[in-house]
Visitor: 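Next up is a structure, given as structure tokens.
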Amino acid sequence: MSGANFPRIEAAEAGSIRRGATILRGGGLVAFPTETVYGLGADASRESAVARIFEAKKRPRFNPLIVHVRDLGHAESLGDFNDGARRLAETFWPGPLTLVLPRRTDCAIAHLASAGLDTIALRVPAHPVARQLLTESRLAIAAPSANASGAVSATAAAHVAVSLGSAVDLILDGGPAPLGIESTIVGFDESGPLLLRPGALAREDIETVTGQLGNLPSDQIVSPGRLRSHYAPSTPLRLDAREANENEALLAFGPDVPAHVAAVRNLSPAGDLREAAANFFAMLRELDAAGCTGIAVMPLPEHGLGEAINDRLRRAAAPKVE
Ligand code: TXA
Ligand code: MG
């Protein structure tokens with residue numbers, strides 16, 4: 001069944017998985033089963049493909065996504081593994097464990113997948129369909145749970161179809177997700193490993209490898225001062241600017257950009273919000289590094305991905321609370 005309101009669902013087998021890999025390589029979205037829940041996947045190295053994920057999930061804001069890879073070697077090319085992280089990976093991968101690690105300086109993953117953070121969440125899934133999709137596509141696949149924002153995680157192809165509809169190019173049906181709850185997320189701070197999200201891998205199992213895990217306050221994925229939850233530029237932002245002052249950098253949007261001599265980046269000269277989302281974190285970092293006294297930000301519309309971009313801009317512009 002395909003058409004405006006009916007997403008394509010195909011039974012997961014060699015041919016459909018190959019088609020899924022081709023869609024991913026072309027920048028499209030493919031929902032696929034993992035052993036925990038269904039994921040909504042895109043090429044993690046491509047900012048514009050990752051932007052489509054947020055658009056499809058109708059997330060009111062950018063949350064960092066889990067990047068799925070085929071093996072530990074691939075993961076080590078993206079994140080900086082400490083000894084503890086490597087031991088956990090060797091023990092529990094493939095499986096329902098996600099590790100949050102510093103991004104390597106040469107990390108080839110879209111900044112949008114990390115929501116601008118200097119860290120990356122990595123997981124090697126065990127489900128054969130997910131593994132075959134990773135092998136066929138030869139990609140790192142960014143994939144949040146395949147549900148609309150605020151809805152429960154999808155554990156069957158039909159749930160994905162109901163939740164996300166035609167925003168997905170293909171849904172690979174591999175039957176019910178065997179575990180049915182999300183992966184356990186472990187991060188690290190100066191004092192060692194921390195449980196960031198309880199999930200399908202029990203804390204006790206992890207602790208046989210790490211010793212006692214530190215905790216974070218419940219429902220706070222990352223806490224200020226320990227692991228940073230949001231990227232904030234160190235240069236002050238001035239929102240809804242129509243023009244930039246002499247010493248300000250300018251983050252522009254749309255075709256009508258005021259003439260300006262200091263650093264300028266245009267999120268989307270054409271005024272396209274998906275393109276703006278794809279450029280957002282990389283351009284904000286570039287302007288933050290430009291050595292200006294401030295960053296003037298032109299207004300962006302509040303619809304579509306504009307809502308998420310504006311949310312992130314308002315947080316970045318708010319006075320810092322420590
Ligand atoms: O089982 C799972 O983990 C599923 C399957 C598809 O792999 N995925 C999943 O993704 O549950 P999602 O996006 O629904 O949840 C990912 C969680 C979010 O709470 C996010 O904040 C956290 O991972 N996360 C991702 N990157 C992070 C980072 N760099 N630092 C801290 N938390 C991060
Ligand atoms: Mg989720």
Side-chain angles (χ1 to χ4, degrees), residues 29-42 44 50 53-54 56-70 75 78-80 85 92-104 107 109-127 129-131 133-134 140-157 159-160 163-164 168 171-172 174 177-189 193-201 216 218-224 226-231 281 312:
L29 297 186
V30 176
F32 61 97
T34 82
E35 70 278 27
T36 56
V37 297
Y38 273 68
L40 176 62
V50 176
I53 292 179
F54 290 103
K57 288 200 59 144
K58 305 205 184 315
R59 285 202 168 173
R61 52 186 195 236
F62 297 130
N63 290 319
L65 307 177
I66 295 174
V67 174
H68 300 70
V69 292
R70 54 190 168 273
L78 304 174
D80 232 331
F92 296 112
W93 282 355
L97 172 69
T98 296
L99 296 172
V100 174
L101 299 167
R103 286 170 68 107
R104 281 174 55 129
C107 177
I109 296 300
H111 284 290
L112 191 56
S114 288
L117 295 171
D118 294 322
T119 51
I120 183 168
L122 291 163
R123 172 159 113 79
V124 176
H127 196 288
V129 173
R131 298 189 62 72
L133 192 61
L134 286 163
I141 302 176
S145 52
N147 50 275
S149 190
V152 295
S153 295
T155 55
H159 301 172
V160 180
S163 197
L164 295 172
V168 197
I171 300 172
L172 290 171
L179 298 174
I181 60 169
E182 296 90 342
S183 62
T184 303
I185 305 183
V186 171
F188 298 83
D189 72 358
L194 299 169
L195 186 65
L196 300 184
R197 179 179 75 181
L201 181 65
L216 285 180
S218 62
D219 84 319
Q220 208 179 333
I221 290 298
V222 276
S223 81
R226 297 189 83 177
L227 296 169
R228 263 190 321 161
S229 59
H230 296 296
Y231 166 70
F281 287 109
R312 196 41 72 98

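Counting convention: from 1, in listed order, for ligands and their atoms alike. Given the structure is predicted, the values throughout are model-derived calculations rather than measurements.
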Visitor: Would you kindly say whether T98 and R197 are connected by a side-chain donor-acceptor distance under 3.5 Å?
Guide: no
Visitor: Are H127 and F32 side-chain neighbours, meaning at least one heavy-atom pair lies under 4.5 Å?
Guide: no
Visitor: Taking C-beta and beyond as the side chain, do F188 and D80 meet within less than 4.5 Å on heavy atoms?
Guide: no
Visitor: Nearest heavy-atom pair of P33 and L172: which atoms, and what distance?
Guide: CD-O, 3.4 Å
Visitor: Heavy-atom distance under 4.5 Å between the side chains of S145 and T36, does that happen here?
Guide: no
Visitor: Would you mind reporting whether C107 and I120 have side-chain heavy atoms less than 4.5 Å apart?
Guide: yes
Visitor: Keeping the roles fixed (side chain from R103, backbone from I109), state whether a donor-acceptor pair exists under 3.5 Å.
Guide: yes
Visitor: Check ligand 1 against T119 and write out every atom of the ligand that is under 4.0 Å from a heavy-atom position of the residue.
Guide: 28 (C), 29 (N), 30 (N)
Visitor: Please step through side-chain contact (heavy atoms from CB on, under 4.5 Å) for the pair L99 and L97, ending with a clear verdict.
Guide: CA-CA 7 Å; L99 296 172; L97 172 69; 4.0 Å; yes
Visitor: Considering only heavy atoms of L117, which atoms of ligand 1 have at least one such atom less than 4.0 Å away?
Guide: 28 (C), 29 (N), 30 (N)
Visitor: Using a plain distance cutoff, I'd like to know if K57 has any nitrogen or oxygen under 3.5 Å from a nitrogen or oxygen of ligand 1.
Guide: no
Visitor: Check this for me - ligand 1, E182, N or O atoms closer than 3.5 angstrom, yes or no?
Guide: no
Visitor: For atom 33 (C) of ligand 1, which of the options P64, P125, A200 provides the nearest non-hydrogen atom?
Guide: P64
Visitor: Number the atoms of ligand 1 from 1 as they appear, then name those within less than 4.0 Å of a heavy atom of A121, with their elements.
Guide: 25 (C), 26 (N), 27 (C)
Visitor: For ligand 1, which atoms sit closer than 4.0 Å to a heavy atom of H68?
Guide: 5 (C), 6 (C), 7 (O)
Visitor: S183 to ligand 1: N or O pair under 3.5 Å?
Guide: yes
Visitor: Using a 4.0 Å heavy-atom cut-off, which part of N63 comes near ligand 1: side chain, backbone, both, or neither?
Guide: neither
Visitor: Give the atom numbers and elements of ligand 1 that come within less than 4.0 Å of a heavy atom of I185.
Guide: 17 (C), 22 (C), 23 (O)
Visitor: Show the atoms of ligand 1 that are less than 4.0 angstrom away from any heavy atom in R123.
Guide: 1 (O), 5 (C), 7 (O)
Visitor: Is T34 close to ligand 1, meaning an N/O of one under 3.5 Å from an N/O of the other?
Guide: no
Visitor: If you count the atoms of ligand 1 from 1 in the order shown, which ones are under 4.0 Å from a heavy atom of P144?
Guide: 10 (O), 12 (P), 13 (O)
Visitor: Mark yes or no for whether S114, through its side chain, and T119, through its backbone, hold a donor-acceptor pair below 3.5 Å.
Guide: yes
Visitor: Below 4.0 angstrom, N of the basic side chain to O of the carboxylate: do R123 and E182 qualify?
Guide: no
Visitor: So that I can check it, does any N, O or S atom in S145 come closer than 2.8 Å to the Mg ion (ligand 2)?
Guide: yes
Visitor: Does the N or O separation between R197 and ligand 1 drop below 3.5 Å for any pair?
Guide: yes
